[in-house]
Q: 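Here it is, the structure, as structure tokens.
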Amino acid sequence: MDKPLSLKSARTLQITYNLPISRTSKFWEGLKEGKVYATTCQKCGMLHFPPVADCGNCGLSNVKWTELDGEGEIVTFTQVFVKPASFSKEPSYIVAIARLKEGVKALAWLTGIKREDVKVGMKVKLVARVTSDGRATYEFIPV
Amino acid sequence: MGHSRFGDRSDVNLSELAFEAIQPSLEKSELTAKEIPYMALGSMGVWSEEPLPAVVIAEYCGLTGAGLVRCEAACASGSAAAFNAYSAVRSGQMDSALVVGVEKMKQIDTPTVLEIIGRAGYYMWEFENFGMTFPAYYAVHAVQHMAKYGTTEEDLALVAVKNHRYGAMNSLAHLQQEITVEKVLNSSVIAWPLKLYDCCPITDGSAAVVLASEKKAKELGVEDPVWIEAMGVASDTANLSKRETYVGLEASVRASRMAYRMAGISPKDVDVATVHDCFTIAEVMAYEDLGFCEKGEGARMVREGETEVGGRIPVNVDGGLKAKGHPIGTTGVSMLAELTKQLREEVKPSRQAPMKNYTALAHNTGGTGHYGYVTILRR
Ligand SMILES: [Zn+2]
């Protein structure tokens with residue numbers, strides 16, 4: 001078969017979103033102070049992580065900020081080798097989901113350990129981190 | 001119905017690809033494009049240049065004037081379009097409707113495709129900082145399934161081997177070569193423990209089916225109608241971290257129970273099924289979630305050949321997403337087209353499921369069980 005013909009489009013679209021965080025700003029500020037916050041609904045008592053400003057469980061918009069201790073246990077994990085375009089410069093990373101002692105689960109990178117040594121049920125700690133380029137994030141580390 | 005050849009279809013543009021499915025589906029239904037009052041399109045787009053694909057395709061295929069909608073339910077967009085059109089006909093609003101699925105994923109580079117699909121979870125909490133990918137979402141399920149039920153990488157490889165065997169018998173499939181367990185196990189790791197041959201390929205393709213009310217079908221003199229008996233729909237949380245377990249997809253459980261109830265059948269009445277095997281682990285979980293076996297028994301089903309032609313319930317004997325290919329928004333419609341052929345006993349004997357009840361099931365999930373659709377067809 002002949003090689004298919006195509007035109008290289010002359011128009012390029014590059015999209016960078018602004019991510020609104022006004023109503024969860026304490027979470028992002030907390031990360032810079034080394035703290036990981038969740039929110040607790042003042043009416044139904046549900047603990048939310050990731051944090052929310054509105055409780056989808058009961059409809060109330062009055063939540064209070066609760067600092068998480070961070071202790072948790074790996075529920076499952078993977079290691080990403082084939083990465084999305086915007087992560088192409090990162091070395092292969094381990095993503096884990098862990099259940100925290102407060103009852104909620106979190107998804108984050110697990111660092112400081114080789115994938116071969118990671119086990120379901122392993123104890124980890126969720127910690128705040130500021131990246132070298134100043135981005136606030138959080139990750140699991142082995143304990 | 002109509003179905004294009006799946007694969008790298010850089011030889012055609014989006015509208016030309018849709019035409020390959022739409023034109024035969026109209027011819028077979030004895031309807032002309034002008035007589036179609038409504039078209040629902042399943043398409044994710046982004047990787048192809050048209051932001052209003054339903055309108056562009058309608059113009060190209062002579063359907064302008066019909067009511068149009070493009071439906072998004074990620075990898076279940078095709079089933080969402082089918083549900084939309086089915087509801088329009090079922091309610092009496094329309095006497096017929098065209099369901100189309102089309103996707104052109106090969107117009108951009110692979111890392112950007114991974115970027116787009118990887119964002120299809122909860123962008124803010126799973127992608128922005130953690131770069132989850134579509135294979136990674138399913139890999140976390142594979143890890144827990146393996147830890148809890150002893151499912152092995154070899155078991156997962158068997159799913160790929162089976163689906164490639166049937167893909168090799170399907171002239172419309174993207175990947176038509178058989179593979180071995182060793183080839184799967186030795187392929188490069190994409191998101192551990194999932195390897196290249198555990199994953200569906202990136203595929204272009206289109207499919208179309210015409211739906212009609214009972215009255216309209218009689219009027220048209222349709223000789224061998226296949227009926228939609230039921231469509232079950234459900235969903236699950238955007239954040240994977242908010243789910244109870246990672247050994248199954250709750251949206252599949254809920255959607256299938258709804259569909260079984262509506263159709264008045266149980267899983268054992270199903271003669272043939274297409275399940276959403278975007279990754280090998282997804283097929284194993286689907287057996288369990290759809291009630292083809294008990295939880296944790298999925299790997300045993302594939303090991304014992306229960307889901308092959310001649311087994312208890314043949315599954316994905318068209319090659320599945322794994323070998324036929326998974327053009328995101330097309331898949332749900334492709335499943336309906338394939339099952340229609342199965343129910344009419346029109347496929348190659350080597351991959352024709354024996355019919356007892358003339359009942360077929362299509363299982364189509366969007367994202368990682370974010371959207372769940374289960375359709376029961378009967379002839
Ligand atoms: Zn509440």
Side-chain angles (χ1 to χ4, degrees), chain A residues 1-9 11 13 15 17 19-21 24 31 48-52 56 74-88 90 92-100 104-110 115-116 118-121 129 131 135-140, chain B residues 8-13 46 49 106-119 121-148 188-196 199 237 239-247:
Chain A
M1 202 170 76
D2 294 339
K3 191 180 184 302
L5 300 175
S6 61
L7 290 174
K8 188 79 175 170
S9 169
R11 312 295 154 206
L13 178 68
I15 297 177
Y17 296 107
L19 307 172
I21 55 162
T24 51
L31 292 176
H48 294 277
F49 189 87
V52 294
I74 299 280
V75 174
T76 188
F77 63 97
T78 182
Q79 184 174 14
V80 178
F81 287 90
V82 178
K83 293 161 284 177
S86 63
F87 282 80
S88 60
E90 299 282 346
S92 171
Y93 42 86
I94 299 171
V95 186
I97 297 175
R99 185 183 300 279
L100 305 181
V104 289
K105 290 196 286 296
L107 177 149
W109 282 4
L110 169 62
R115 195 257 307 151
E116 290 77 2
V118 185
K119 294 276 177 295
V120 169
R129 187 169 75 93
T131 63
R135 207 164 35 82
T137 184
Y138 46 98
E139 65 189 18
F140 295 115
Chain B
D8 182 343
R9 296 302 313 275
S10 302
D11 56 319
V12 285
N13 68 27
V46 190
E49 72 282 10
K106 295 277 198 181
Q107 292 183 236
I108 60 171
D109 61 278
T110 299
T112 307
V113 172
L114 280 168
E115 175 89 21
I116 293 164
I117 312 182
R119 290 175 176 225
Y122 205 131
Y123 174 86
M124 185 68 172
W125 304 107
E126 296 178 331
F127 191 88
E128 171 71 14
N129 283 321
F130 308 125
M132 281 295 275
T133 63
F134 195 29
Y137 289 118
Y138 276 92
V140 299
H141 287 78
V143 167
Q144 211 190 41
H145 205 279
M146 289 160 79
K148 192 157 179 194
S188 57
V189 182
I190 304 294
W192 186 87
L194 298 180
K195 295 163 286 294
L196 181 65
C199 308
T237 60
N239 270 304
L240 281 198
S241 66
K242 299 227 167 188
R243 301 193 186 169
E244 280 305 310
T245 72
Y246 306 95
V247 290

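Quick caveat, the model's predicted, so the values are computed rather than measured. Values below: all heavy atoms of this structure, side chains included; hydrogens, waters and symmetry mates excluded. Quick note on labels: first sequence line is chain A, next is B, and so on, each numbered from 1.
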Q: Side chain, backbone, both or neither: which part of B/A136 has a heavy atom under 4.5 Å from chain A?
A: both
Q: Heavy-atom pairs under 4.5 Å with chain B are the metric here; pick the option from A/A85, A/S9, A/A96 that has the most.
A: A/A85
Q: Verify the ring-centre separation between A/Y93 and A/F87: is it less than 6.0 angstrom?
A: yes
Q: So which part of B/E128 gets closer than 4.5 Å to some heavy atom of chain A, the side chain, the backbone, both or neither?
A: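 Interface part for B/E128: both.
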Q: Sequence neighbours left out, what passes ring pair (Phe, Tyr, Trp, His ring centres under 6.0 Å) with B/Y137? Give chain and number order.
A: none
Q: Would you say the side chains of B/N239 and B/T237 form a donor-acceptor pair under 3.5 Å?
A: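 The criterion, which ignores hydrogens and geometry beyond distance, is not satisfied for B/T237 and B/N239.
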Q: Strictly under 6.0 Å, is that where the ring centroids of A/Y138 and A/F49 end up?
A: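 Yes; A/F49 has its ring centre under 6.0 Å from that of A/Y138.
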Q: Using non-hydrogen atoms only, which part of B/F127 is less than 4.5 Å away from chain A: side chain, backbone, both, or neither?
A: both
Q: Got a list of side-chain donor-acceptor pairs under 3.5 Å for residues 74-81 of chain A, not counting sequence neighbours?
A:
| residue | atom | partner | partner atom | Å |
| --- | --- | --- | --- | --- |
| A/T76 | OG1 | B/V140 | O | 2.6 |
| A/T78 | OG1 | B/W192 | O | 2.6 |
| A/Q79 | NE2 | A/S92 | OG | 3.1 |

Q: With chain A as the partner, which of B/N13, B/V143, B/I190 has the greatest number of non-hydrogen pairs under 4.5 Å?
A: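 Most heavy-atom pairs within the cutoff with chain A belong to B/I190.
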Q: If you tally heavy-atom pairs under 4.5 Å against chain A, which of B/R243, B/E49, B/R9 wins?
A: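 The residue among B/R243, B/E49, B/R9 with the greatest pair count is B/R243.
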Q: Name the region of B/T133, side chain, backbone, both or neither, that has any atom closer than 4.5 Å to a heavy atom of chain A.
A: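 For B/T133, the contact with chain A is made by the side chain alone.
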